[in-house]
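Everything on this sheet refers to the single structure shown next.
Order of the sequence lines sets the chain letters (A, B, ...), proteins ahead of strands, with each chain counted from 1.
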Amino acid sequence: MLELPYLRENREEAVARLSKRNIDAAGLVAKALELDEQRRAIQNEADGKLAEMNELSRAIGELMKGGKKAEAEVAKTKTTELKGSIQLLKERLENAEKIQQDHLCTIPNAPNSKVPLGRTPEDNKVVMQDGIIPELGAAAKPHWELGEEYNLFSLDLGVKLTGAGFPVYSGQGAKLQRALIAFFLDKAVTTGYREVIPPHMVNAASAFATGQLPDKEGQMYHAVADDLYLIPTAEVPITNLYRDMILDDAQLPVKNVGYTPCFRREAGSYGKDVRGLNRVHQFDKVEIVRIEKPENSYAVLEEMVEHVKGLLQALELPYRQLLLCGGDMGFSSAMTYDMEVYAGAQKRWLEVSSISCFETFQSNRLKLRYRGEDKNRNCCTH
RNA sequence: GGAGAGAUGGCCGAGUGGUUUAAGGCGCACGCCUGGAAAGCGUGUUUACCUGAAAGGGUAACGAGGGUUCGAAUCCCUCUCUCUCCGCCA
């Protein structure tokens, strides 16, 4: 969620940035500010009436204590009308707040000025590429054939146990999976990240705070009996560790890493995108999450990219770095790099990592702030 | 699943209808004192929104949501969570 003070004070900039998403940026911002003005007007009126009421109640208390019952009764009759208008104003205020909130929730994050214009993945900018692209010839087998041949994993067994998209890893395949997880975790820990093992299910409040709800309701597995969601990424629980918190200066930066399985319904996916392990309902992922002061966030984004590059180089994989265009970015990101690895037999680039700066978009929703220089106001983290 | 107890500020903890403007303590910050420190003394110490150039002022919040009342941390209802005991159980 974008911050209202930001929209109020930097309207032009906000519109210009949001326009990169190919949406009606001016309209959305104008509406947000209009709703804000309405809300403030109502609150002003309501606060005034409440102050009057408080004053009256205090006076009645004094009269009662002074034994002036008759005068107190007279004062009481005066409150009736006031009470009615307060009731009404409270309802209007609640309504205005909800409408404003709902509207703000529909506005995506404002892309950074470096984000290229564009609508589709073809418009993404290749920042760099490294490693040797293998020339495998026509007989090269894709991973789903190799997996079967060497008993590394089975999608058919997963179908028996659960359904399509739930792979069963076995033997060397299981060992490779475990080794990769350990490798990524260890590398992160030696770089200074703290390892966490979070729950694999979260409540609705957590899913809302990181933006999965209401946006991606249908993409998460929902355990209805207990109203819990299977996490689509470790980002959800690890980021929610800091929900409703005010951090001290000294506590920043926060650097966490965690491995979890991830669950995604992937409704609407089809074709070659879902062959083999390209896109499955349950997969393993190691997530790194950083909470930073605003002035550091973009430098840290580059730092995180370097970390991931180091991993890909160590694994000797041919990879490239993309800067996503405005049309291809996620809802809550201000700038995203995707890291892709070249799959020789499939002859295509596959996303293996995605690194985003959210600016204050997530922390505003999480109510995650820190005590900064300005003592009058706690700031959202990046 | 059943029974009981509980949820108050950064922490402990008082508070059963009206100076609660949340006592008291701990912690923290600043000042005084000191050669320096400790102790002692004094002052301050939540968050969100509104208003204001600022100083300041207003409103709301005592687990959450409703209700009673001129007035609720306090009384009533519902829910959530924690603890203790019992039952059931991979």
Side-chain angles (χ1 to χ4, degrees), chain A residues 1-9 32-105 161-162 199-209 213 223-229 237 240-252 254 360 362-381:
Chain A
M1 219 159 51
L2 289 168
E3 292 180 283
L4 261 171
Y6 171 74
L7 293 180
R8 273 203 292 259
E9 287 153 32
L33 292 175
E34 186 193 320
L35 290 172
D36 182 45
E37 210 155 302
Q38 286 169 13
R39 189 204 96 238
R40 282 188 291 164
I42 297 169
Q43 180 169 346
N44 265 323
E45 206 181 336
D47 281 359
K49 295 276 187 200
L50 280 166
E52 252 183 83
M53 184 62 121
N54 286 341
E55 185 50 47
L56 248 144
S57 296
R58 211 167 296 140
I60 291 171
E62 291 296 319
L63 290 171
M64 296 290 267
K65 217 189 306 175
K68 300 172 184 169
K69 282 237 164 83
E71 286 178 51
E73 286 305 320
V74 173
K76 274 194 198 179
T77 59
K78 280 198 240 167
T79 62
T80 317
E81 192 190 340
L82 205 49
K83 228 181 159 182
S85 56
I86 284 173
Q87 177 66 23
L88 198 71
L89 280 165
K90 270 190 177 169
E91 277 166 26
R92 282 178 55 198
L93 183 59
E94 212 168 296
N95 194 34
E97 276 170 354
K98 189 179 181 307
I99 291 172
Q100 180 180 25
Q101 193 72 0
D102 288 352
H103 179 67
L104 272 178
C105 282
L161 301 183
T162 310
H200 298 171
M201 299 181 111
V202 294
N203 55 32
S206 295
F208 175 84
L213 287 179
V224 180
D226 298 289
D227 195 22
L228 295 173
Y229 294 87
N240 268 282
L241 291 171
Y242 299 89
R243 171 150 51 89
D244 289 322
M245 280 180 86
I246 300 173
L247 300 174
D248 278 325
D249 244 30
Q251 290 175 272
L252 294 172
V254 168
T360 60
Q362 269 197 340
S363 58
N364 188 29
R365 216 161 153 143
L366 283 164
K367 298 198 181 72
L368 165 58
R369 287 147 298 163
Y370 77 103
R371 284 178 241 277
E373 256 84 294
D374 184 359
K375 300 286 181 240
N376 289 323
R377 198 187 153 76
N378 292 319
C379 308
C380 284
T381 58

Nearest heavy-atom neighbours spanning [X] and [Y]:
X	Y	result
A/D249	A/R371	OD1-O, 2.8 Å
A/V202	A/P237	CG1-CB, 4.2 Å
A/A209	A/L366	CB-CD2, 3.6 Å
A/A205	A/N240	O-OD1, 4.4 Å
A/M201	A/A223	CE-CB, 3.7 Å

May I have the distance from [X] (atom [atom1]) to [N] (atom [atom2]), rounded to whole angstrom?
X	N	atom1	atom2	result
A/M245	B/G10	CE	C1'	12 Å
A/E45	B/U51	CD	P	14 Å
A/L56	B/U59	CG	C1'	16 Å
A/Y370	B/U47	OH	P	15 Å
A/L89	B/C50	CG	P	17 Å
A/D47	B/C49	CG	P	13 Å
A/L63	B/U69	CG	C1'	17 Å
A/E97	B/A60	CD	C1'	10 Å

### Message
Does A/T79 reach a base, just sugar-phosphate, or nothing at all? Heavy atoms under 4.0 Å.
### Response
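Since only primed, P, OP1 and OP2 atoms lie under 4.0 Å of A/T79, the category is sugar-phosphate.
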### Query
Just checking A/L82: base, sugar-phosphate only, or nothing, at a heavy-atom cut-off of under 4.0 Å?
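Result for A/L82 = nothing.
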Going by purine N1 to pyrimidine N3 plus the second Watson-Crick contact, or the G-U wobble pair, all under 3.5 Å, which nucleotide sits opposite [N]?
N	answer
B/G71	none
B/G56	B/U51
B/U46	B/A61
B/G35	none
B/A5	B/U82
B/A22	none

Please tell me if [X] has a side-chain N or O lying less than 4.0 Å from either OP1 or OP2 of [N].
X	N	answer
A/N54	B/A60	yes
A/K83	B/G71	yes
A/R369	B/A48	yes
A/N44	B/G58	no
A/R371	B/U47	yes
A/R40	B/U51	yes

Pairwise [atom1] distance for [N] and [M], with rounding to whole Å:
N	M	atom1	answer
B/U21	B/A61	C1'	15 Å
B/U84	B/C26	P	31 Å
B/U51	B/G67	P	27 Å
B/U43	B/G24	P	11 Å

Please tell me which of the listed nucleotides, [options], lies nearest to the side chain of [X]?
X	options	answer
A/R39	B/C50, B/C70, B/U47	B/C50
A/N378	B/C70, B/U47, B/G58	B/U47
A/R8	B/C50, B/G58, B/G71	B/C50

### Query
Side chain of A/Q251, backbone of A/D248: donor and acceptor closer than 3.5 Å?
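Present.
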### Query
Would you say the side-chain atoms of A/S57 and A/N54 include a donor-acceptor pair closer than 3.5 Å?
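No, because no side-chain N or O of A/S57 sits under 3.5 Å from a partner of the opposite role on A/N54.
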